[in-house]
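A short write-up of the structure that comes next.
One-based numbering along the sequence shown. Treat the numbers as computed from the prediction; the structure is a model and nothing was measured.
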Amino acid sequence: MAAKPFASSGDLAEKEQTLEVLADGVYALTADGDPNVGAIEGEDFLVCFEALATPVAAGEWLARLREYTDKPVRYLVLSHYHAVRVLGASAFDADVIVAHENTRALVAERGKQDWESEFARMPRLAKAADSVPGLTWPTLTFSDRLTIDLGGDRGDLVLQYCGRGHTEGDIVGWLPRHRILFAGDLVEAQAALYTGDAFHRDWAGATLDRVAALGADALVGGRGAVSRGPAEVAAAIEQTRHFLQVLLREVGAVHERGGTLKDAFSASHAALHERYGRWPIFEHCLPFDVSRVWDELSGVERPVIWTAERDQEVWDQLQA
């Protein structure tokens with residue numbers, strides 16, 4: 001049997017992008033399982049949510065957004081630190097780049113390694129990689145909650161930390177007036193989860209409980225289609241929770257009986273494949289997911305830094 005291409009290195013076909021207007025002045029761009037982005041109009045400014053992987057990729061998104069609004073970008077909100085979410089930031093010319101305080105610390109600690117890792121894993125997303133001027137540094141951080149007054153009768157955008165999850169710095173963007181939630185990678189809708197930097201037990205428990213408690217009527221996850229209506233929102237949150245719970249159960253059982261990491265991967269793949277295997281990036285993510293759960297259950301509190309070399313070693317060990 002031929003070896004599987006490393007991570008998403010074989011996924012080179014362009015994805016169809018869909019720009020949706022979720023409410024007056026509220027936009028989302030989804031793309032067949034690629035990272036989602038969004039924007040919210042204030043009275044005389046824009047808030048953009050996520051930056052994509054390169055300035056060239058971000059510029060293409062902004063060109064589509066400019067068909068609807070010419071307001072300047074005052075705030076660029078980054079839900080977490082991963083390279084394919086943040087390295088396009090320079091294209092926005094934003095006055096303020098907002099993230100959680102833990103995200104800024106993660107950029108300092110491991111941003112360069114993550115940049116090299118993610119661009120090797122997902123080369124198609126790294127469009128014109130040489131256009132990235134350097135690491136993206138937030139200019140405004142917070143610990144719990146930050147409210148942006150959108151002006152006029154547009155209400156507020158509430159940026160909120162719900163706890164450790166996909167990383168230790170994920171935030172969501174909540175529009176109470178419209179009951180629309182930009183959830184970042186804390187929730188995926190019909191897309192597999194990447195959990196290599198995760199805190200699985202926190203995420204599957206209290207963190208997702210807090211996300212669900214907001215009571216959104218529409219949810220833009222990190223990947224996948226927009227979830228519309230309370231039933232679809234609840235389904236996306238519970239699918240995310242179920243994926244995490246199965247990982248914890250399967251890896252935990254192998255770990256407890258003294259099996260190997262490879263055994264844990266095989267058990268997790270068997271348990272998850274029927275439901276999630278057809279979804280974007282499932283095969284790409286699972287080796288890194290299982291490796292992080294194994295570390296967590298072995299007492300490694302914070303995720304080990306992923307490097308391009310470590311990525312390849314884990315892939316060769318588990319997906320060979």
Side-chain angles (χ1 to χ4, degrees), residues 22 28 36 38 49-50 77-82 85 98-103 106 141-147 156-252 268 271-272 275-276 279 285 289 292-293 295-297 301-303:
L22 306 182
N36 295 337
F49 194 84
E50 311 286 39
V77 178
L78 306 175
S79 72
H80 61 288
Y81 85 100
H82 284 152
R85 302 287 185 182
V98 188
H100 192 266
E101 61 189 15
N102 290 347
T103 290
L106 286 164
T141 63
F142 64 97
S143 61
D144 180 37
R145 180 179 298 192
L146 177 71
T147 299
D156 293 331
L157 170 64
V158 180
L159 305 178
Q160 186 167 321
Y161 181 64
C162 294
R164 300 188 304 184
H166 175 71
T167 71
E168 57 191 312
D170 300 87
I171 59 173
V172 302
W174 172 233
L175 292 164
R177 181 180 172 215
H178 299 296
R179 308 202 68 78
I180 296 171
L181 181 65
F182 289 87
D185 277 326
L186 285 177
V187 180
E188 310 290 11
Q190 297 190 20
L193 275 64
Y194 173 68
T195 74
D197 283 326
F199 296 80
H200 292 81
R201 288 168 288 201
D202 288 9
W203 188 1
T207 298
L208 281 180
D209 288 346
R210 294 186 187 105
V211 172
L214 291 169
D217 289 337
L219 182 149
V220 183
R223 295 175 185 261
V226 176
S227 300
R228 296 176 179 273
E232 285 192 10
V233 170
I237 293 170
E238 288 313 305
Q239 170 240 298
T240 302
R241 195 192 305 269
H242 178 260
F243 191 103
L244 296 166
Q245 290 172 335
V246 172
L247 271 177
L248 284 165
R249 183 190 73 210
E250 296 298 328
V251 178
S268 299
L272 290 164
R275 179 168 176 180
Y276 301 104
W279 288 359
C285 293
D289 297 353
R292 171 54 187 156
V293 179
D295 282 354
E296 227 176 345
L297 297 175
E301 174 65 14
R302 298 187 67 244

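In this structure, CG on Leu181 lies 7.5 Å from CD1 on Ile237, to the nearest 0.5 angstrom. Here Asp197 contributes atom CG and Leu106 contributes atom CG; the two are 7.5 Å apart, rounded to the nearest 0.5 Å. In this structure, CG in Leu193 is found 10.5 Å from CZ in Arg223, a value given to the nearest 0.5 Å. Atom CG of Leu244 and atom NE2 of His166 lie 11.0 Å apart (nearest 0.5 Å). Between Gln160 atom CD and Asp144 atom CG the span is 6.5 Å, to the nearest 0.5 Å.
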Q: Please test Val187 against Leu208 for side-chain contact (heavy atoms from CB on, under 4.5 Å), starting from the C-alpha separation and ending with a verdict.
A: CA-CA 8 Å; Val187 180; Leu208 281 180; 4.1 Å; yes
Q | Derivation of the side-chain contact (heavy atoms from CB on, under 4.5 Å) call for Thr103 and Thr141 | A | CA-CA 8 Å; Thr103 290; Thr141 63; over 6 Å; no
(Q) As a quick check of understanding, evaluate side-chain contact (heavy atoms from CB on, under 4.5 Å) for Tyr81 and Asn102, giving each step before the final call. (A) CA-CA 9 Å; Tyr81 85 100; Asn102 290 347; over 6 Å; no
(Q) side-chain contact (heavy atoms from CB on, under 4.5 Å), that's the test. Do Val220 and Phe49 meet it? Break it down for me. (A) CA-CA 11 Å; Val220 183; Phe49 194 84; over 6 Å; no
Q: Take His82 and Thr167 through the side chain to side chain donor-acceptor pair (under 3.5 Å) test and state the conclusion after the steps.
A: CA-CA 9 Å; His82 284 152; Thr167 71; over 6 Å; no
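At least one test fails for Arg302 against the ring of Phe199: distance under 6.0 Å to the centre or angle within 45° of the axis.
Using a distance-only test at 3.5 Å, with no hydrogens or angles considered, no donor-acceptor pair links the side chain of Asp217 to the main chain of Arg179. With Arg292 contributing its side chain and Thr195 its backbone, the two residues share no donor-acceptor pair below 3.5 Å. A donor-acceptor distance shorter than 3.5 angstrom exists from the side chain of Tyr161 to the backbone of Glu168, with no hydrogens or angles considered. At least one donor-acceptor pair closer than 3.5 Å links the side chain of Gln239 to the backbone N or O of Gln190. Listed for the His80 side chain is no donor-acceptor partner under 3.5 Å among the backbone atoms of Ile171. When atom types are taken as modelled, the side chain of Glu296 and the backbone of His200 share a donor-acceptor pair closer than 3.5 angstrom. Here the side chain of Thr240 pairs a donor or acceptor atom with the backbone of Glu188 at under 3.5 angstrom.
Under a cut-off of 6.0 angstrom, the local environment of CZ in Arg145 is sparse, with at most 12 non-hydrogen atoms contributed by other residues, nucleotides or ligands.
Contact detail for Val226 and Ala28: the closest heavy-atom pair is CG2-CB, 4.2 Å. For the residue pair Gly196 and Pro303, the shortest heavy atom distance occurs at O-CB, 3.9 Å. When all heavy atoms of Cys162 and Arg210 are compared, the closest pair comes out as O-NH1, 2.7 Å. Residues Tyr194 and Cys285 share a closest heavy-atom pair of CB-SG, 3.6 Å. The shortest non-hydrogen separation linking Gly205 to Arg241 is O-NH1, 3.5 Å. For Leu297 against Gly252, the heavy-atom pair with the smallest separation is CD1-CA, 3.5 Å.
Scored by the salt bridge (Lys or Arg N to Asp or Glu O under 4.0 Å) test, Asp289 finds no partners at all (sequence neighbours excluded). Residues passing the salt bridge (Lys or Arg N to Asp or Glu O under 4.0 Å) test with Arg85, sequence neighbours excluded: Asp185.
Here the options are Leu214, Val211, Thr147, the test is side-chain contact (heavy atoms from CB on, under 4.5 Å), and the partner is Trp174; only Leu214 passes. A side-chain contact (heavy atoms from CB on, under 4.5 Å) with Arg228 is found for one member of Ile180, Leu219, Val233, Leu22 and no other, namely Leu22.
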